Amino acid sequence: MTVRVRFAPSPTGYLHIGSARTALFNYLYARHVGGKFLLRIEDTDLARSTEESTRSILDGLAWLELGHDEEIVFQSDNADKHRATAKKLLAEGKAYRDFTPKAEPSDGNVKDAIKDRARAAQGEKNMRDNPYRDLSNEESDARAAAGEPCAIRLKVAATGKTSFEDQVYGLQERDYAETEDLVLLRSDGHPLYNLAVVCDDIEMAITHVIRGQDHLTNTHKQVLIYEALGIAPPTFAHLPLIMAPNKGKLSKRKHGEVVSMTTYRDAGFLAAAFRNFLALLGWSAGEEREIYSLEELIAKFTLDGIHRSNAVFNFTENDARKWTDDKAQWMNAEYIRTMPIGELLPFVKSELKSAKLWREEYDPDGRALTSSIPSTESQIFERTTDMAERPENIALDIPEIGSHDWYVHTVALIRQRFFTLKDFSSQGRAYFSEDYDFDPAAIEKNLNKFPDLKTWLAELADRFEAEFQSSPPYEGGVDAALGGRGGSLPFNEANIETVVKAFTEEKGTKLGVIMNGARTLLTGVAVGPSMLSVFETLGQEKSILRLRSQFAWNT
RNA sequence: GACCGGUUCGUCUAGGGGUUAGGACACCGCCCUUUCACGGCGGCAACACGGGUUCAAAUCCCGUACCGGUUACCA
């Protein structure tokens, strides 16, 4: 028998972290055993279900790349079947009509009201004392025929117990006395959750139900329905819950965005990294290892690796740096830094695109377009036109600036200190645009503290122009004064180091002062890769122009 | 309240009778370095408590405490 599992969210909000983990575990299990992973939208609560929520959940699943098999089932489409099943149980005497008037919903917190009522009952409540439980068929039929509203309840036997072997928690038993005659059909004819789930799981031929352990007691009720129906229940596996940092419930309302999948997508997380993080929340392969590809997760995922204790999703409210779980952030950074560059490139591309920093020349076949570089160079020099004319020709160290190779080289260089995809368009903006921001703290620390830099860095630009070959003959520049001839050195790391070091000694200052000042001017931030590679990567022209830029000063 | 479940560093976890109780994240320190949120090395830090069983308990049993789930004509 092929394994068939399902993820069955109710569309009452976005896909949150707990549901996402449940979906992932179902997916991994199905793929591991070569079964089917189905999707069912439990939209029977008309009052709370929204299409927008369904879309959001689907978006979340799509982002996590948890593709489902077969058509999506909408539970509300099966309401007639659910009703028919309830009628069948009624006809067989396994359920009864309850003519007790529906209780008015209490105002305030429903959960609390229920809890209070249960506590008031002191556990002495007799679950079988419903006066309509043993109403004669005749009277029941007559009252129903007369149009008297009634709910349909399952007739749970007075003695005995439900039991099932949970794949995570082991044998679970519950005395019938603990379970009330649950309502199958509301008095308005609306099928309720437990009935709907059982009917649909049967209909969908679900073999394994993998869901949160908050359903443990529902499972007993559902087992009761299976028994009444004379159908063998599926195998159950309940998952530990994911808790808030205070070990309390992780709620959409209280914790908001931090639990939503779309937040992570929008914050520049890689689905692969987040999946990896999620997989390790409540499951482990029993190894001292954290990074698993999807294929490895599928290969290693088994139900007995699932834990029984709840896990805390750790984050600190009002702390920008720790807005979400440290490990999730680390995992994402780890993926960005170490995944094959070819796999990262498409993500960087779409990030740059949405930040309007993307250029077609970065594409592998974009080389043919390099002839169009002058047009983009007008952008490069946009903010500095008062300083220099656009150069006639450009000869650069490999890789050629703006080319695909340069793009790959640059991404590989700057990803080393990035945490999210967003960093490519924020911290890394200066590599792709002239229009980048300056971090005030960086300016203060690396520029303002050394007033001499204001002239030194401009001088360094002159030096670059003089020492390195092919420096463009800027109008009015040193180069022009020299007759348009630059030096003879190729603009590469080794030579840049030599030149900068010599310059530093002349000025009697420390290398760090020059380098950090240059970094701030050239990239707007105080952190990044080796400054030598930054110079080289940005290229001679940009380096010179930005060194001469006074933009960052006095900001 | 009742029923059910859980409890190893701050967090995620390994370990399931004999371990210096391991790893990861975070944190701290040192090194590398022009800076740095990269990297390298190191450090801090845990078996909830009390009884048993046993030569030996984090590990098995019982109890307590604490935490969580459920207790709807919600899902």
Side-chain angles (χ1 to χ4, degrees), chain A residues 8-12 42-45 47-49 75 98 100-103 105 110-111 113-125 149-153 169 172-175 177-180 182-188 190 192-194 196-197 212-218 220 238 240-241 243 245 247-249 277 280-282 284 286-291 307-315 321-322 325-331 333 337 415-419 423 427 442 445-446 497 500 504 510-520 525-532:
Chain A
S10 55
T12 54
E42 311 224 312
D43 55 350
T44 58
D45 186 341
R48 292 194 300 155
S49 298
Q75 191 158 63
D98 179 4
T100 309
K102 185 181 174 186
V110 187
K111 281 248 188 220
I114 290 162
K115 193 169 185 167
D116 289 345
R117 192 203 310 165
R119 198 174 328 201
Q122 296 269 355
E124 289 168 11
K125 188 184 171 203
C150 64
I152 293 180
R153 286 184 185 272
Y169 290 95
Q172 297 295 305
E173 296 184 311
R174 189 175 169 91
D175 201 289
E178 303 294 338
T179 305
E180 69 170 341
L182 55 137
V183 173
L184 266 16
L185 229 49
R186 258 200 241 159
S187 52
D188 62 2
H190 188 80
L192 253 24
Y193 175 73
N194 284 304
V197 166
Q213 61 110 299
D214 50 336
H215 284 287
L216 231 24
T217 48
N218 276 329
H220 283 99
H238 290 86
L241 271 17
M243 316 303 289
K247 295 193 188 291
K249 198 167 182 156
F277 168 74
L280 264 20
L281 221 45
S284 71
E287 304 175 305
E288 292 191 343
R289 186 180 158 187
E290 334 289 325
I291 305 293
H307 307 150
R308 276 160 290 270
S309 53
N310 296 341
V312 168
F313 181 62
N314 207 9
F315 60 92
R321 218 172 126 82
K322 297 193 179 286
D325 198 290
D326 278 327
K327 204 152 192 172
Q329 299 202 62
W330 167 79
M331 190 84 73
R337 297 196 278 257
R415 71 168 169 164
Q416 290 310 321
R417 280 176 178 76
F418 286 175
F419 279 73
D423 291 334
Q427 285 189 62
K445 180 183 166 200
N446 295 330
E497 183 170 22
V500 175
T504 303
K510 291 202 303 191
L511 191 57
V513 172
I514 299 293
M515 289 299 203
N516 292 330
R519 178 190 303 285
T520 303
V525 293
V527 300
S530 153
M531 201 47 213
L532 297 173

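Since this is a predicted model, take the numbers as computed values, not measurements. Labels below follow one simple rule: chain letters A, B, ... track the order of the sequence lines, proteins then strands, and each chain is numbered from 1.
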Report summary line: Sorted by position of nearest nucleotide on RNA chain B, 5' first, the leading residue of A:His220 and A:Asn314 is A:His220
Requested in this report: Check whether any side-chain N or O of A:Lys111 sits under 4.0 Å from OP1 or OP2 of B:rU70, and answer yes or no.
Outcome: yes
Query raised in the report: Which is true for A:Asn218 with a 4.0 Å heavy-atom rule: it touches a base, it touches only sugar-phosphate, or it touches nothing?
Result: base
Query raised in the report: Is there a donor-acceptor contact under 3.5 Å from the side chain of A:Arg519 to the main chain of A:Pro529?
Result: yes
Requested in this report: Pick the P atom in B:rA72 and in B:rC67, then give their distance to the nearest Å.
Outcome: 23 Å
Requested in this report: Select base, sugar-phosphate, or nothing to describe what A:Ile114 touches, counting heavy atoms under 4.0 Å on all strands.
Outcome: base
Query - B:rA45 to B:rG68 separation - C1' atoms, rounded to the nearest Å - result: 25 Å
**Report entry** Results of side-chain hydrogen bond (donor to acceptor under 3.5 Å, both in side chains) for A:Thr504 - residues two or more places apart only
**Finding:** none
**Report entry** Check: A:His190 side chain, A:Thr44 main-chain N or O, donor-acceptor pair, under 3.5 Å
**Finding:** yes
**Report entry** A:Glu180: partners by side-chain hydrogen bond (donor to acceptor under 3.5 Å, both in side chains), with sequence neighbours left out
**Finding:** none
Requested in this report: On RNA chain B, check which nucleotide each of A:Pro245 and A:His215 is closest to and give me the residue with the more 5' one.
Outcome: A:Pro245
Query raised in the report: Counting any heavy atom closer than 4.0 Å, what does A:Pro101 reach on the DNA or RNA strands: base, sugar-phosphate only, or nothing?
Result: base
Query raised in the report: Starting at CD of A:Gln172 and ending at C1' of B:rG69, how long is that distance when rounded to a whole Å?
Result: 12 Å
Report task. State plainly whether the residues A:Arg186 and A:Asp188 are in salt-bridge range, i.e. N to O under 4.0 Å. Result -> yes
Query - Rounded P spacing from B:rU7 to B:rU59 in Å - result: 12 Å
Report task. Using the C1' atom on both, measure B:rC9 against B:rA48 and round to a whole Å. Result -> 14 Å
Report summary line: Taking a pair to mean Watson-Crick or G-U wobble geometry with both distances below 3.5 Å, B:rG42 pairs with B:rC28
Query raised in the report: On a whole-Å scale, what distance lies between the P atoms belonging to B:rU70 and B:rU64?
Result: 24 Å
Query raised in the report: What is the distance, rounded to the nearest whole Å, between atom CE of A:Met331 and atom P of B:rU11?
Result: 18 Å
Query - A:Lys249 NZ - B:rG6 P separation (whole Å) - result: 19 Å
Query raised in the report: With rounding to whole Å, what would you report as the distance between B:rG51 and B:rG10 at their C1' atoms?
Result: 30 Å
Requested in this report: Quick one: look up who B:rA21 pairs with, Watson-Crick or G-U, both distances under 3.5 Å, and put none if it's unpaired.
Outcome: none
Query raised in the report: Can you tell me how far P in B:rU13 sits from the matching atom in B:rU35, rounded to whole Å?
Result: 39 Å
Query raised in the report: Given the P atoms of B:rG22 and B:rG42, what is the spacing between them in whole Å?
Result: 14 Å
Query raised in the report: Could you give the NE2-to-P distance, from A:His238 to B:rG69, as a whole number of Å?
Result: 15 Å
Which protein N or O atoms sit under 3.5 Å from an N or O of nucleotides 45-49 of chain B?
none

Report task. Take atom CE of A:Met243 and atom P of B:rC67, then tell me their distance rounded to the nearest Å. Result -> 12 Å
Report task. Answer with base, sugar-phosphate or nothing: what part of the nucleic acid does A:Ser49 contact at a heavy-atom distance below 4.0 Å? Result -> nothing
Query raised in the report: Taking OP1 and OP2 of B:rU71, is either one under 4.0 Å from a side-chain nitrogen or oxygen of A:Thr217?
Result: no
Query raised in the report: Once each nucleotide of nucleotides 31-41 of chain B is scored for protein heavy atoms under 4.0 Å, what B/S/- sequence comes out, 5' to 3'?
Result: ---BBBBB---
Report summary line: Partner of B:rU7 under the Watson-Crick or G-U wobble criteria, both distances under 3.5 Å, comes out as B:rA65
**Report entry** Derivation and outcome, side-chain contact (heavy atoms from CB on, under 4.5 Å), residues A:Val197 and A:Tyr193
**Finding:** CA-CA 6 Å; A:Val197 166; A:Tyr193 175 73; 3.2 Å; yes
Tabulate protein N/O versus nucleotide N/O from nucleotides 12-22 of chain B, keeping only pairs under 3.5 Å, one per line.
from   : atom 1 : to       : atom 2 : distance (Å)
B:rC12 : OP1    : A:Val312 : N      : 2.6
B:rC12 : O2'    : A:Leu280 : O      : 3.1
B:rC12 : O2     : A:Lys327 : NZ     : 3.0
B:rU13 : OP1    : A:Gly282 : N      : 2.6
B:rU13 : OP1    : A:His307 : ND1    : 3.2
B:rU13 : O3'    : A:Ser284 : OG     : 3.4
B:rU13 : O3'    : A:His307 : NE2    : 3.3
B:rA14 : OP1    : A:Ser284 : OG     : 2.7
B:rA14 : OP1    : A:His307 : NE2    : 3.0
B:rG22 : O2'    : A:Glu288 : OE1    : 3.3
B:rG22 : O2'    : A:Glu288 : OE2    : 2.8
B:rG22 : N3     : A:Glu288 : OE2    : 3.2

Report task. Write down the distance between CD (A:Gln213) and P (B:rG69), rounded to a whole number of angstrom. Result -> 8 Å
Query raised in the report: What residue among A:Val525, A:Asn516, A:Val513 forms side-chain contact (heavy atoms from CB on, under 4.5 Å) with A:Asn446?
Result: A:Asn516
Query raised in the report: Within the side chain of A:Asn310, is there an N or O that forms a donor-acceptor pair under 3.5 Å with the backbone of A:Leu241?
Result: yes
Requested in this report: Could you check whether A:Lys510 gets within reach of a base, just the sugar-phosphate, or nothing at all, counting any heavy atom under 4.0 Å?
Outcome: nothing
Query raised in the report: Is there a side-chain contact between A:Ser309 and A:Pro240, using heavy atoms and a 4.5 Å cut-off?
Result: no
Report task. Check step by step if side-chain contact (heavy atoms from CB on, under 4.5 Å) holds for A:Phe419 and A:Gln427. Result -> CA-CA 10 Å; A:Phe419 279 73; A:Gln427 285 189 62; 6.0 Å; no
Report summary line: Atom OH of A:Tyr193 and atom C1' of B:rC74 are separated, to the nearest Å, by 11 Å
**Report entry** Counterpart residues, side-chain hydrogen bond (donor to acceptor under 3.5 Å, both in side chains), relative to A:Arg289 (two or more places apart)
**Finding:** A:Glu296
Requested in this report: Check the pair A:Met331, A:Leu280 against side-chain contact (heavy atoms from CB on, under 4.5 Å), reporting the backbone distance first and the verdict last.
Outcome: CA-CA 11 Å; A:Met331 190 84 73; A:Leu280 264 20; 4.2 Å; yes
Query raised in the report: Nearest of B:rG5, B:rC74, B:rG68 to any side-chain atom of A:Tyr169?
Result: B:rG5
Report task. Would you check if the side chain of A:Gln329 reaches a backbone N or O of A:Arg321 as a donor-acceptor pair within less than 3.5 Å? Result -> yes
Requested in this report: Please determine if a side-chain N or O atom of A:Arg308 lies less than 4.0 Å away from the OP1 or OP2 oxygen of B:rU7.
Outcome: no
Query raised in the report: Side chains of A:Thr217 and A:Arg174: donor-acceptor distance under 3.5 Å anywhere?
Result: no
Requested in this report: Would you mind reading off the distance between A:Arg174 atom CZ and B:rG69 atom P, rounded to a whole angstrom?
Outcome: 16 Å
Report task. Please determine, for B:rU33, whether a Watson-Crick or G-U wobble partner exists with both distances under 3.5 Å, and give it or none. Result -> none
Query - Counterpart base for B:rG1, defined by Watson-Crick or G-U wobble contacts under 3.5 Å - result: B:rU71
Query raised in the report: Are the side chain of A:Ser10 and the backbone N or O of A:Thr12 linked by a donor-acceptor pair below 3.5 Å?
Result: no
